[in-house]
Amino acid sequence: EAGVAQSPRYKIIEKRQSVAFWCNPISGHATLYWYQQILGQGPKLLIQFQNNGVVDDSQLPKDRFSAERLKGVDSTLKIQPAKLEDSAVYLCASSPRDTAYGYTFGSGTRLTVV
Amino acid sequence: GIQVEQSPPDLILQEGANSTLRCNFSDSVNNLQWFHQNPWGQLINLFYIPSGTKQNGRLSATTVATERYSLLYISSSQTTDSGVYFCAVEPDSGTYKYIFGTGTRLKVLA
């Protein structure tokens, strides 16, 4: 079974630029999550999708962050414009529908904003 | 919201030693997971353990839900056990979203 795929692996941008991250979940997993992990901290949930609908985006800074999951499969997370404090690893995870089991993380995208 | 605290924050062990990592949570939870984040950043699930005790090889975990804590035991530690250990809790039934703790950074020396 293929795991959760994320790209790019690394990204360096200047502040005020925009950036996008891509995630392809495990086949058949209905629920998809984006987490932000700042160095030295635990992952923080940004947004949760069930199929292509948003379940929870209460922690997403909506003035600069946006996310979509077209057709209930792949997802993209965008930051525009980026700030220095957005430097972090962005992790995507997926799980089967209606269960908290089978939670699987991707390898993450490490973003550095300079 | 729920608070998830882990201790100790940092731990250095000699290979072969045993250790206990603790996770305290401030409210009742529906589920609890332990994860290992390896030095390359990959998060791997170790246990789903909302209550009771489970064992998998050299690792075991116990959750006492009524007292709001969970313990992860590592026996005969190996250098490959190095990394950060997180507990994560699902505060509300049916949300399937997890809140992560502060982590314990473990280094095992050869």
Side-chain angles (χ1 to χ4, degrees), chain A residues 1 3-6 8-11 21 23 25-26 29-51 53-60 87-112, chain B residues 1-10 21-26 28-51 54 63 65 70 72 83-107:
Chain A
E1 176 182 75
V4 176
Q6 289 190 247
R9 191 75 174 93
Y10 304 94
K11 191 75 177 179
F21 314 125
C23 172
I26 289 176
H29 278 195
T31 311
L32 185 148
Y33 313 81
W34 283 102
Y35 283 84
Q36 179 192 57
Q37 186 176 19
I38 293 172
L39 186 64
Q41 299 181 16
K44 183 183 88 170
L45 179 67
L46 293 176
I47 189 167
Q48 176 187 2
F49 291 95
Q50 175 93 301
N51 296 314
V54 175
V55 175
D56 184 347
D57 63 357
S58 58
Q59 298 296 305
L60 188 73
S87 294
V89 176
Y90 291 85
L91 294 160
C92 179
S94 69
S95 66
R97 183 182 182 88
D98 295 335
T99 177
Y101 295 86
Y103 224 84
T104 305
F105 278 87
S107 299
T109 296
R110 182 177 298 276
L111 173 68
T112 303
Chain B
I2 193 168
Q3 302 298 312
V4 185
E5 298 289 335
Q6 292 184 240
S7 60
D10 296 281
L21 283 56
R22 186 177 179 103
C23 171
N24 292 329
F25 40 97
S26 60
S28 58
V29 299
N30 185 59
N31 209 336
L32 184 146
Q33 298 190 59
W34 280 98
F35 287 91
H36 174 224
Q37 188 167 42
N38 66 25
W40 297 271
Q42 182 71 49
L43 274 160
I44 303 294
N45 169 271
L46 299 173
F47 294 102
Y48 289 91
I49 186 163
S51 62
K54 288 186 178 180
T63 297
S70 183
L72 178 69
V84 185
Y85 290 81
F86 289 103
C87 73
V89 301
E90 182 192 9
D92 303 301
S93 175
T95 63
Y96 314 121
K97 69 176 184 182
Y98 280 84
I99 308 301
F100 279 72
T102 49
T104 292
R105 184 174 301 274
L106 173 66
K107 184 162 188 174

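What's counted below: heavy atoms across the whole structure, side chains too, no hydrogens, waters or symmetry copies. Residue numbering restarts at 1 for every chain, and letters A, B, ... go by the order of the sequence lines.
- Checked by atom type and distance alone, the side chain of B/Tyr48 pairs as donor or acceptor with a backbone atom of A/Gly102 at under 3.5 Å.
- Of all heavy-atom pairs spanning B/Gln42 and A/Gly106, the tightest one is NE2-O, 3.6 Å.
- With a 4.5 Å cut-off on non-hydrogen atoms, A/Tyr33 touches chain B through its side chain but not through its backbone.
- Only the side chain of A/Gln37 comes within less than 4.5 Å of a heavy atom of chain B; its backbone N, CA, C and O stay farther away.
- Checked by atom type and distance alone, the side chain of B/Tyr96 never pairs as donor or acceptor with a backbone atom of A/Gln48 at under 3.5 Å.
- Contacts between B/Gln6 and chain A at a heavy-atom distance below 4.5 Å are absent for every atom of the residue.
- Scored by the ring pair (Phe, Tyr, Trp, His ring centres under 6.0 Å) test, B/Phe35 finds A/Phe105, B/Phe100 as partners (sequence neighbours excluded).
- Qualifying side chain to side chain contact (heavy atoms under 4.5 Å, CB included) partners for B/Ser26, counting only residues two or more places apart in sequence or in other chains: B/Ile2, B/Gln3.
- Atoms NZ and CD1, on B/Lys97 and A/Ile47 in that order, are 11.5 Å from each other to the nearest 0.5 Å.
- In terms of heavy-atom pairs under 4.5 Å with chain A, the best-connected choice from B/Asn30, B/Asn45, B/Leu43 is B/Leu43.
- Only the backbone of A/Gln41 comes within contact range of chain B, with at least one heavy atom under 4.5 Å from a heavy atom of that chain.
- Both the backbone and the side chain of A/Ser107 come within contact range of chain B, with heavy atoms under 4.5 Å apart.
- The environment of B/Arg22 atom CZ is dense: over 12 non-hydrogen atoms of other residues, nucleotides or ligands sit within 6.0 angstrom.
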